[in-house]
Amino acid sequence: MAYGEGADPRNATLKASTTVSGAGLCLVNDSTNNTLDLCADGEICIGVSAAESSRDADGTLETSGATVAYYPLGGVLMVQSEASQTYTTGLLVYVGASGQVIDSNDHSSKVLGVYVGEGAASTSAGDLIPVMTAGAATA
């Protein structure tokens, strides 16, 4: 399976002091300065990181003016899960904290999409799971 399922990655600048540690993290638009940030519980995801954010000449993740490539929502994307989550085929997946996803709604979490993996999967923090993001929450 191709990671982006037909979608080309886009590029964006990250909010100051935000770093992205790898692929599969949910991103939100920080509308006050037109940059992206990691999603937090209750925020609406607009895309999923394609890789880690930019690094400086010494190889350290940049914290000012950093950029990140991301896949817009709309197809099947591999998304990082929080630890100790259990997903079954067809289960709704929600945006949790730190850009990762969770398996249940805590009354403020927004739907990212539907788990489309095979059978049940229990996760460790950062495990990538397949999510059909065409049904993501927009409000």
Side-chain angles (χ1 to χ4, degrees):
M1 169 171 61
Y3 182 82
E5 290 292 313
D8 291 327
R10 313 291 299 167
N11 292 309
T13 302
L14 289 170
K15 180 179 176 179
S17 76
T18 297
T19 60
V20 174
S21 60
L25 290 168
C26 297
L27 301 169
V28 64
N29 181 359
D30 178 42
S31 60
T32 58
N33 55 16
N34 199 33
T35 57
L36 297 185
D37 197 4
L38 292 173
C39 277
D41 193 23
E43 293 183 322
I44 296 172
C45 178
I46 66 161
V48 175
S49 63
E52 63 187 16
S53 52
S54 55
R55 293 180 175 270
D56 63 19
D58 296 326
T60 304
L61 289 172
E62 294 180 315
T63 57
S64 178
T67 59
V68 67
Y70 71 97
Y71 290 101
L73 301 183
V76 174
L77 296 173
M78 300 300 287
V79 183
Q80 284 191 29
S81 176
E82 288 187 14
S84 303
Q85 305 296 300
T86 301
Y87 302 94
T88 55
T89 305
L91 182 76
L92 289 178
V93 175
Y94 298 86
V95 176
S98 302
Q100 295 179 325
V101 296
I102 56 177
D103 63 4
S104 62
N105 186 349
D106 66 0
H107 305 292
S108 65
S109 299
K110 302 297 184 187
V111 172
L112 180 63
V114 177
Y115 176 74
V116 292
E118 295 179 14
S122 295
T123 60
S124 298
D127 284 353
L128 292 170
I129 63 164
V131 177
M132 170 47 83
T133 63
T138 57

Original post:
So which of Leu27, Val28, Leu14 actually passes side-chain contact (heavy atoms from CB on, under 4.5 Å) with Leu38?
Top reply: Leu27
Subject >> Listed partners of Thr67 passing side-chain contact (heavy atoms from CB on, under 4.5 Å), at least two apart >> reply: Thr13, Ser54
Subject >> Straight-line distance of Tyr87 OH to Ile129 CD1, nearest 0.5 Å >> reply: 4.0 Å
Original post:
Is there side-chain contact between Pro72 and Arg10, with heavy atoms separated by less than 4.5 Å?
Top reply: yes
**OP:** Looking only at non-hydrogen atoms, find the nearest pair between Tyr70 and Gly47 and report the distance.
**Re:** CD1-CA, 3.9 Å
**OP:** Verify, without hydrogens or angle tests, whether Thr123 (side chain) and Glu82 (backbone) share a donor-acceptor contact under 3.5 angstrom.
**Re:** yes
Could you pull out every donor-acceptor pair under 3.5 Å between side chains of residues 90-103 and any protein atom, sequence neighbours left out?
| residue | atom | partner | partner atom | Å |
| --- | --- | --- | --- | --- |
| Gln100 | NE2 | Gln80 | OE1 | 3.2 |
| Asp103 | OD2 | Thr86 | N | 2.8 |

Original post:
Donor-acceptor pair, Thr133 side chain versus Gly74 backbone, under 3.5 Å?
Top reply: yes
**OP:** Using the test side-chain contact (heavy atoms from CB on, under 4.5 Å), find all partners of Ala136 that sit at least two apart in sequence or belong to another chain.
**Re:** Leu73
**OP:** Please list all pairs passing the salt bridge (charged side-chain N to carboxylate O under 4.0 Å, His left out) test where one or both residues lie in residues 46-68, with sequence neighbours left out.
**Re:** Glu52-Arg55
**OP:** Might you confirm whether atom CG of Asn33 has over 12 heavy atoms from other residues, nucleotides or ligands at distances under 6.0 Å?
**Re:** yes
Original post:
Considering all heavy atoms of both residues, which atom of Ser108 and which atom of Asp41 are nearest to each other, and what is their separation?
Top reply: OG-OD2, 3.2 Å
Can you give each donor-acceptor pair under 3.5 Å made by side-chain atoms of residues 111-121, sequence neighbours left out, with the distance rounded to 0.1 Å?
none

Subject >> Donor-acceptor pair, side chain of Ser124 and main chain of Ala83, under 3.5 angstrom >> reply: no
Could you list the donor-acceptor pairs under 3.5 angstrom formed by side chains in residues 15-23, with sequence neighbours left out?
| residue | atom | partner | partner atom | Å |
| --- | --- | --- | --- | --- |
| Thr18 | OG1 | Lys15 | O | 3.4 |
| Thr18 | OG1 | Asp37 | OD1 | 2.9 |

**OP:** Report the distance from atom CG of Leu36 to atom OG of Ser53, rounding to the nearest 0.5 Å.
**Re:** 11.0 Å
